[in-house]
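Taking it in order: structure first as structure tokens, then the write-up.
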Amino acid sequence: MTTRVRFAPSPTGYLHIGSARTALFNYLFAKHTGGKFLIRVEDTDQQRSTEESLASILDGLKWLGFAHDEKIVFQSDNAEKHRVTALKLLQEGKAYRDFTSKEDRSITDIKKDIADKARKQGRDKDMRDNEYRVLPKEESDKRAKNGERFAIRLKVATTGKSSFEDAVYGLQERDYADIEDLVLLRSDGHPLYNLAVVCDDIEMNISHVIRGQDHITNTHKQILIYEALGEERPTFAHLPLILAPGGKKLSKRIHGEIVSMTAYRDAGFIAGAFRNFLALLGWSAGEEQEIYSLEELIEKFSLDRINQSNATFNFDANNERRWTDDKAIWMNAEYIRTMALDGLVPLVREELRNEKLWREEYDDDEKQWFESTVDLIRERFYTLKDFSEQGRAFFSEDFDYDKNAIEKNLKKHPDLRTWLPELAEKFEGLEDFSHDEIFAAVKDFCEEKSTKVGVVLNGTRVLLTGQGVGPSMVSVIEQLGKDKTVMRLKSQVAWNE
RNA sequence: GACCGGUUCGUCUAGGGGUCUAGGACACCGCCCUUUCACGGCGGCAACACGGGUUCAAAUCCCGUACCGGUUACCA
């Protein structure tokens with residue numbers, strides 16, 4: 001039997017980082033086993049589902065490279081089937097009509113209420129305490145016929161327990177006494193989550209359900225539905241959660257953009273790097289390797305190597321440099337430094353285009369220069385943004401000077417104000433503006449002035465690139481070329497800042 | 001509250017009775033390299049939640065406690 005898994009987002013928001021990892025693990029498992037990766041949109045809650053949300057989720061999945069194998073299933077399209085299923089269970093006496101009228105309250109009120117009520121309840125609460133559970137069939141039929149509104153609830157056994165072997169957490173058990181007679185169909189006729197999920201998973205022939213461990217209690221309920229339906233259940237694998245620092249829930253309301261996948265794309269992350277980072281959050285191959293290509297992840301992935309404890313996604317909202325997890329940033333830098341130039345160049349092109357720094361010549365006459373520039377400056381960059389920010393001076397005359405760099409590398413050595421234009425003149429006289437020639441000129445110059453090479457090079461770096469740090473300075477000079485180098489060394493702009 | 005999970009360096013993790021004076025990665029700190037800097041190389045700091053058992057031997061198995069998380073809807 002080939003494996004079939006599904007990623008089932010509900011389109012009520014952006015693609016959450018935790019959902020992205022769930023999608024990743026589903027994808028890796030499918031590809032590892034030669035199976036299918038499907039997408040099902042859980043849009044039963046029509047009130048909260050939006051088109052934009054769906055578009056942004058699909059966008060995020062596409063960016064991460066998770067192509068789905070079959071047509072996307074929309075859960076709302078199957079509502080009729082779900083209804084028929086609920087009615088069937090009612091017919092068979094496995095479910096019953098609940099005529100209790102629905103309370104009409106706002107979602108936040110309900111949430112608060114549930115929390116309050118739950119805190120007061122102990123285990124002695126009888127989950128079967130519903131007068132309609134034992135209402136004679138004739139009576140129930142009669143009231144329904146009279147047009148009385150009702151919800152359909154599953155009749156959960158009074159004694160016994162539900163159990164399943166989780167691929168990650170092992171044997172899971174729950175007493176029936178702790179499970180309420182869950183509602184399958186709302187009184188307005190809309191199917192509810194647990195029913196819809198089970199029906200669709202059966203319909204889609206899903207072999208493995210891989211989802212967050214916040215669904216474990218749902219799984220017990222869903223198993224009850226599988227059993228009532230007489231259907232075989234899939235293998236379940238629950239994933240540990242990704243938490244915010246301090247072990248709290250990671251939410252957009254509290255933590256902002258950091259939880260949204262698109263924030264990473266917009267911040268200049270490489271999809272492969274982020275995927276790599278996500279894969280190692282809750283899973284490891286059990287070896288001392290950190291960088292994995294998608295192919296390697298697929299080859300090495302297995303459910304039994306998934307961790308059972310929740311992971312903390314580490315970041316510091318008050319520190320600009322630590323806006324997201326250190327390791328994620330490091331990994332992105334690692335990818336930028338080491339990935340094939342062929343792969344990086346198009347990404348840089350896009351970044352420069354977005355920032356209006358792109359020139360068509362970079363794809364034509366200046367292709368070689370452009371590629372060697374990217375190769376030179378990528379060495380110390382962390383994100384694609386750095387190409388248009390720290391690296392801006394390579395692509396435009398309109399760049400800023402780093403304040404600290406000016407102070408530390410320029411103004412601390414006032415002589416540089418006259419020296420650097422002098423150095424420019426020296427450069428002007430050079431025949432071929434090569435690495436060796438440039439270096440020799442700088443060395444000569446420093447001897448003349450009896451100063452350290454570092455002082456001159458650091459000052460030069462500020463005037464040429466606006467930065468305090470970067471690749472080998474002589475290479476930078478060579479890469480910029482004689483004209484720009486001379487012009488910028490003579491400029492007084494930085495001195496006047 | 002109840003039910004269900006979890007707990008190894010600050011963070012991600014390896015380890016599943018002896019090979020653990022607990023390994024790797026990120027971050028941090030030092031040194032070296034680079035006649036300059038946030039690259040690179042080398043090194044350092046730093047963890048088995050606690051208490052009982054079982055065993056010749058426990059980070060690893062069992063029990064309890066603490067703490068953290070999940071769930072507890074006619075939401076998904």
Side-chain angles (χ1 to χ4, degrees), chain A residues 8-12 42-45 47-49 75 98 100-103 105 107 110-111 113-115 117-125 149-153 166 169 172-175 177-180 182-188 190 192-194 196-197 212-218 220 238 240-241 243 245-249 277 280-291 307-315 322 325-331 333 337 379-382 405 408-409 439 442-443 446 452-461 467-474:
Chain A
S10 76
T12 54
E42 315 237 297
D43 55 350
T44 10
D45 188 344
Q47 303 280 318
R48 292 195 294 151
S49 301
Q75 192 151 65
D98 183 346
T100 313
S101 60
K102 189 195 168 204
E103 294 177 69
R105 292 170 306 171
I107 286 183
I110 293 174
K111 268 190 169 168
D113 229 57
I114 289 168
K117 228 188 269 171
R119 220 163 298 130
K120 281 177 204 132
Q121 288 170 1
R123 205 188 178 178
D124 25 301
K125 194 207 167 186
R149 285 160 72 89
F150 58 86
I152 296 181
R153 304 188 95 111
D166 190 272
Y169 288 93
Q172 297 295 308
E173 295 182 312
R174 198 170 185 217
D175 284 342
D178 292 321
I179 305 176
E180 84 279 11
L182 57 268
V183 174
L184 303 175
L185 207 65
R186 297 205 307 213
S187 51
D188 64 5
H190 275 97
L192 238 32
Y193 176 73
N194 282 310
V197 165
Q213 58 114 302
D214 48 339
H215 281 287
I216 285 184
T217 45
N218 277 328
H220 287 288
H238 290 91
L241 270 20
L243 272 22
K248 297 294 165 201
K249 200 170 175 173
F277 170 75
L280 264 21
L281 218 51
W283 174 85
S284 94
E287 56 191 14
E288 292 178 0
Q289 182 179 335
E290 303 284 336
I291 304 296
N307 235 26
Q308 287 160 296
S309 48
N310 295 341
T312 298
F313 187 66
N314 204 17
F315 60 92
R322 295 243 164 108
D325 199 292
D326 278 332
K327 199 160 184 172
I329 296 176
W330 166 78
M331 197 161 285
R337 270 196 296 274
E379 193 177 295
R380 298 186 192 203
F381 284 173
Y382 286 86
K408 200 175 144 203
N409 298 331
F439 182 55
V442 171
K443 215 173 156 187
C446 290
K452 282 196 277 188
V453 176
V455 171
V456 171
L457 286 184
N458 277 335
T460 303
R461 184 187 299 283
Q467 299 292 310
V469 297
S472 155
M473 200 47 217
V474 177

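It should be emphasised that the depicted structure is a prediction, and the values quoted were computed from it without experimental measurement. A, B, ... follow the sequence lines: proteins, then strands. Residue 1 opens every chain. Both backbone and side-chain heavy atoms feed into the values below; hydrogens, waters and symmetry mates do not.
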Exercise for the section: With a 3.5 angstrom cut-off on both distances, give the Watson-Crick or G-U wobble partner of B:U72, or none if there isn't one. Expected result: B:G1
Completion exercise
Checking B:C26, B:A38, B:U13 against the side chain of A:Arg380 (C-beta onward), the nearest is B:A38
Fill in the blank from the handout: Quick note, A:Lys249 side chain, CB onward, closest among B:U11, B:U71, B:G24 is B:U71
Exercise for the section: Give a yes/no answer on whether the side chain of A:Arg186 brings an N or O atom under 4.0 Å of OP1 or OP2 in B:C75. Expected result: yes
Handout entry: Greater than 12 external heavy atoms within 6.0 Å of A:Glu287's CD
Key = yes
Practice task
Consider the side chain of A:Ser309, meaning its heavy atoms from C-beta on, and name the nucleotide among B:U7, B:A76, B:G70 that approaches it most closely.
Solution key: B:U7
Problem - Any A:Arg322 side-chain N or O less than 4.0 Å from OP1/OP2 of B:A27 - result: no
Exercise for the section: Look at A:Asn307 and B:A14 and indicate whether a side-chain polar atom (N or O) is within less than 4.0 Å of OP1 or OP2. Expected result: yes
Problem - Below 4.0 Å: OP1/OP2 of B:G69 and any side-chain N or O of A:Lys248 - result: yes
Handout entry: Inter-residue atom distance A:Ser284.OG - A:Gln289.CD, 0.5 Å rounding
Key = 11.0 Å
Handout entry: Nearest-nucleotide pick for A:Thr312, side chain only, options being B:A76, B:G69, B:U11
Key = B:U11
Problem - Sidechain N-carboxylate O distance under 4.0 Å for A:Arg186, A:Asp188 - result: yes
Practice task
Identify the nucleotide, in any strand shown, that forms a Watson-Crick or G-U wobble pair with B:A49, with both distances under 3.5 Å; if there is none, say none.
Solution key: B:U65
Handout entry: Donor-acceptor pair present, A:Thr217 side chain and B:C4 base, under 3.5 Å
Key = no
Exercise for the section: Between A:Gly286 and A:Arg337, name the one whose nearest nucleotide on RNA chain B is closer to the 5' end. Expected result: A:Gly286
Handout entry: Assigned partner base of B:U36, Watson-Crick or wobble definition, under 3.5 Å
Key = none
Fill in the blank from the handout: 5'-most contact on RNA chain B (nearest-nucleotide basis), A:His220 vs A:Ser284, goes to A:His220
Handout entry: Options B:A76, B:G69, B:A38, nucleotide nearest the side-chain atoms of A:Tyr193
Key = B:A76
Practice task
Output the single nucleotide from B:C39, B:C12, B:U7 whose closest atom is nearest the side chain of A:Glu379.
Solution key: B:C39
Problem - Closest nucleotide among B:A27, B:U36, B:U13 to the A:Asp326 side chain - result: B:A27
Practice task
Calculate, to the nearest 0.5 Å, the distance between atoms CD1 and CG belonging to A:Ile152 and A:Leu182 respectively.
Solution key: 12.5 Å
Handout entry: Rounded distance [0.5 Å steps], OG1 in A:Thr44 versus CD in A:Gln75
Key = 4.5 Å
Completion exercise
Taking B:A25, B:C37, B:C4 as options, the one with an atom nearest any side-chain atom of A:Arg461 is B:C37
Exercise for the section: Could you check which of B:A14, B:U35, B:A2 has an atom nearest any side-chain atom of A:Asp178? Expected result: B:A2
Practice task
Respond yes when some side-chain nitrogen or oxygen of A:Gln308 is under 4.0 Å from OP1 or OP2 of B:G6, and no when none is.
Solution key: yes
Practice task
Ignoring backbone atoms, test whether A:Ser472 places a side-chain nitrogen or oxygen under 4.0 Å from the OP1 or OP2 oxygen of B:U34.
Solution key: no
Completion exercise
Closest of B:A38, B:A76, B:A25 to the A:Trp330 side chain is B:A25
Practice task
Would you state whether a donor and an acceptor, one from the side chain of A:Asn218 and one from the base of B:A76, lie under 3.5 Å apart?
Solution key: yes
